[in-house]
Student: 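The following block contains the structure, expressed as structure tokens.
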Amino acid sequence: MAKEEKKIEETTEEKTIREELDLVVKCKRLEQRASEERQKYDWEWLVRQLYVRGYHFARYNRGSNTVIFSSRTGVKIPINLVGAHLRGVRNQVTSFQPKWEVMPSVTTDRAFDNARYSGKVLDWIYEKAQIKRKVKEIVNDALIHSVGIWQFDTDKDDNIIVNRADPFDFYPDPDCKSPNLNDPEFGAEHVFLTHSLPRDYIEKNPNYKNKGELKPDNVPASAQYKKFLLQVTKGYSSLSQDADTVLLHEAYLRERDDDGDIKIRVVAYTETSLRPLRNEIIGDEYPFEICQGDINPGELYGESWIKHLIPLNRVIDALESHIYEYNHLFAKGRFIIDKNSGVRLITNQNGQIIEKNRGSQVQAMTVPPLPNTPELQIERIHRRLEDISGLHEVSMGRIPGSIRSGTAIAELRQADSSNQADLVDNLEDFLARAGRKILRLVAENWKTSKLVSVTGIGGKKEYFMAIGEDRKTKKDKFKYGDKELPMAVIGKENDVRVQIGSWLAYTKEARMEKLKELFRLGAIDQNALLQHLEFADIDGIMERTRKERILQGKTGSTSQAIEKEYGIQLTDEEVAMAENEIMIEGTDQKVHPEDDHELHIMIHKEDADSSDLIVKHIAEHRTMQKWRDSMMSRPSRPEETSTPTPDMLSALMGAGGEAMGAGEAAGPQPPETFNMSPVRGAGAPPFTTNQPVIQTKL
């Protein structure tokens, strides 16, 4: 009788271990396929990187797996025009700071406020995370490798971190067709990132487990051709044994639930790992964004901008080397001498002496002049290089021909900028996706409020508190010291738009002319003009301009109060200046109802720091001005007096307390209500004597 085999049940722990082992094997298999599919591009990237760095005559020796940089066959001069054009295009594309515009999801006042503050949070992170430099790095990668990659994360203090990922270390799904990795149809099903880290960092990081299998490998990179590049730039092909580093592989895998919703699982492992160092769900989006340098429909990797410039630069290298070699030979000369003629050169204080055997022939050979063909060829290749790169001499800092007009130069630069339209459009789309991802990280991780300070164009600071929508507090205001700051709640779902470029012009002179024209037409105000002209202290400039206009409009106006009281004709400006001098000496001055109070206040403010009497005098002017304004706004009545009584002034001193500046003398506290008499006169409503007096809140 056959014995029945007992079925061994798998424990939960054993099942978990088996699944983890299978998961690591699956990740390594997918990474191997992505690496093999990408190897063709890796070789091209190595050649382009060496060329941009100036190694124009470097070649790879497959037998020794080394890169050879020099050759003894002839003169070879590298003319690095590719590097110069790369720098020009990069600087032209990134010459303007990206303008993030966040659109509200609903049309409520609160949504509009939070959208405005979300845009300011992006501007703050732009400065704090040093994104200006990272944008240049991403454009540089896009021009050389056809793609540039950013990785997004937060540190232990929940600050947003934006890091550049090296295209050599980034392995997307070979079937990916869109730069938007999160595209559900054309995006990536898996993404791999490798980087060399100190073993101590991994061992002491609480996010990693199964660290008993961790062994240092001292491998600088996973891509073979990146190792060759490191050999050139850093002088080694493998790290020192003392480095104690581990090449960490991170796999980001898509997983779908029964409803089709996508989640991203991250799995970290090394070459020797059997079980993952990290295995968890991190959300529903990849923490990466890709910027494409050119457009190849249906492909993630393009041909790259630099690919078509290298052959032209090789021609220029050869022609320039040929011209130099000819000039060097022409300067030394060529000679015909008899064999065994005993020619030798003696150099002493008398000069150079050539000796030869008697009867032997020594004569200089005529060297034919260099034809102009190489020069014409170089000029023709230069034009082709400018046309293909999209960067002409005006963008390289050279004035073309006899053009001297600033407007003409601006138009030529604008025409050049249209050649980079594809790159600019791709960069705008990339930064829009990056902005949405940054705001999402803010919404999910900023559980407590952070102080945000944004500097405007004119140098004016604005402060507010920002917090994620998953916040712990429900306050709308925040007490920061003695100030009450608004609380901006940043949501996860945001419509972010990005604009790169200028709506004005591409040169400073043309921009100034355009601004002046718009200001003359009334299309922009003085504030906008000063902002775009990059003035500081715009509020101070506008206040001084306003004061100057008022003074010019009232220059020469005679003071009615002084003429009436003393019979002397003095202008209000002269009276106010004289009052300043008298009050500085310690004698108080009377405020007259007929004074030009606005003019007096402006002139008194100039010396307000010199005397408390002037501060008090300014407060009296404001009180008198308020009384006069209130009298002019009401219909006149026969029983009312044209001169304020002491009681009226006392009440107005209290009511006008809020108009007094910091440090000015304050009058009595304002009453909660004051009596407003019924209006009488033509057109007034009929009031009876028993109607109550109207009570009005201040």
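Scope of the values below: all heavy atoms of this structure, side chains included, with no hydrogens, waters or symmetry mates. Numbers for residues simply follow the sequence, beginning at 1.
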Student: Under the salt bridge (charged side-chain N to carboxylate O under 4.0 Å, His left out) rule, collect the residues that match up with Arg440, sequence neighbours excluded.
Tutor: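 Residues passing salt bridge (charged side-chain N to carboxylate O under 4.0 Å, His left out) with Arg440: Asp284, Glu285, Glu444.
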Student: Are any of the side-chain heavy atoms of Leu451 and Leu485 separated by less than 4.5 Å?
Tutor: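 Touching, per the 4.5 Å side-chain cut-off.
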Student: Report the distance from atom CD of Glu289 to atom NZ of Lys437, rounding to the nearest 0.5 Å.
Tutor: 4.5 Å
Student: Between Val442 and Ile160, is any pair of side-chain heavy atoms under 4.5 Å apart?
Tutor: yes
Student: CD1 of Ile290 to CZ of Arg433: how many Å apart, nearest 0.5 Å?
Tutor: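 It is 8.5 Å, given to the nearest 0.5 Å.
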Student: Among Glu620, Glu579, Lys616, find the residue that satisfies the side-chain contact (heavy atoms from CB on, under 4.5 Å) test when tested with Val591.
Tutor: Glu620
Student: What do the steps show when you test Ile490 against Trp446 for side chain to side chain contact (heavy atoms under 4.5 Å, CB included), and what is the final call?
Tutor: CA-CA 9 Å; Ile490 310 301; Trp446 285 15; 5.5 Å; no
Student: Could you walk me through whether Tyr117 and Val489 pass side chain to side chain contact (heavy atoms under 4.5 Å, CB included), step by step?
Tutor: CA-CA 8 Å; Tyr117 284 124; Val489 181; over 6 Å; no
Student: Let me confirm one number: the CD1-CG distance from Ile161 to Asp155, rounded to the nearest 0.5 Å.
Tutor: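 Interatomic distance, Ile161 CD1 to Asp155 CG, rounded to 0.5 Å: 4.5 Å.
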Student: Between Gln92 and Leu391, is the side chain to side chain contact (heavy atoms under 4.5 Å, CB included) condition met? List the steps.
Tutor: CA-CA 9 Å; Gln92 187 170 11; Leu391 197 75; 3.2 Å; yes
Student: Can you see which heavy atom on Ala466 is nearest to which on Val121, and at what distance?
Tutor: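 Taking every non-hydrogen atom into account, CB-CG2, 3.9 Å.
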Student: Mind listing the closest non-hydrogen atom pair of Ser449 and Ile467 along with its distance?
Tutor: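 In terms of heavy atoms, the two residues are closest at N-CD1, 3.8 Å.
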Student: CG of Asp158 to NZ of Lys447: how many Å apart, nearest 0.5 Å?
Tutor: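 If we round to the nearest 0.5 Å, Asp158:CG and Lys447:NZ are 8.5 Å apart.
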Student: For the residue pair Trp100 and Gly435, what are the closest heavy atoms and their distance?
Tutor: NE1-CA, 3.8 Å
Student: State, to 0.1 Å, how close Gly148 and Ile138 come at their nearest heavy-atom pair, and which atoms those are.
Tutor: C-CD1, 3.2 Å
Student: Would you compute the distance between atom NZ of Lys136 and atom CZ of Arg164 and round it to the nearest 0.5 angstrom?
Tutor: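 It is 15.0 Å, given to the nearest 0.5 Å.
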Student: Should Met583 and Asp607 count as side-chain neighbours, where that means a heavy-atom distance under 4.5 Å?
Tutor: no
Student: So if I apply the side-chain contact (heavy atoms from CB on, under 4.5 Å) rule between Ile582 and each of Leu613, Thr587, Asp588, which one comes out positive?
Tutor: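 The residue from Leu613, Thr587, Asp588 that satisfies side-chain contact (heavy atoms from CB on, under 4.5 Å) with Ile582 turns out to be Thr587.
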Student: What closest approach, in Å, do Val496 and Ala432 show between heavy atoms, and which atom pair accounts for it?
Tutor: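 So the minimum-distance heavy-atom pair works out to O-CB, 3.6 Å.
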Student: Anything under 3.5 Å between a donor and an acceptor, one on a side chain of residues 125-135, the other on a protein residue two or more places apart or in another chain? List them.
Tutor:
from: Arg133; atom 1: NE; to: Glu137; atom 2: OE2; distance (Å): 3.1
from: Lys134; atom 1: NZ; to: Ala129; atom 2: O; distance (Å): 3.0

Student: How close do Lys450 and Asp157 get, heavy atom to heavy atom, and via which atoms?
Tutor: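 So the two residues come closest at NZ-O, 3.0 Å.
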Student: Take Asp141 and Ile149, measure what side chain to side chain contact (heavy atoms under 4.5 Å, CB included) needs, and give me the verdict at the end.
Tutor: CA-CA 8 Å; Asp141 283 343; Ile149 304 108; over 6 Å; no
Student: Roughly how far, to the nearest 0.5 Å, is the CG atom of Asn180 from the CG atom of Asp429?
Tutor: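 These two atoms lie 9.5 Å from each other.
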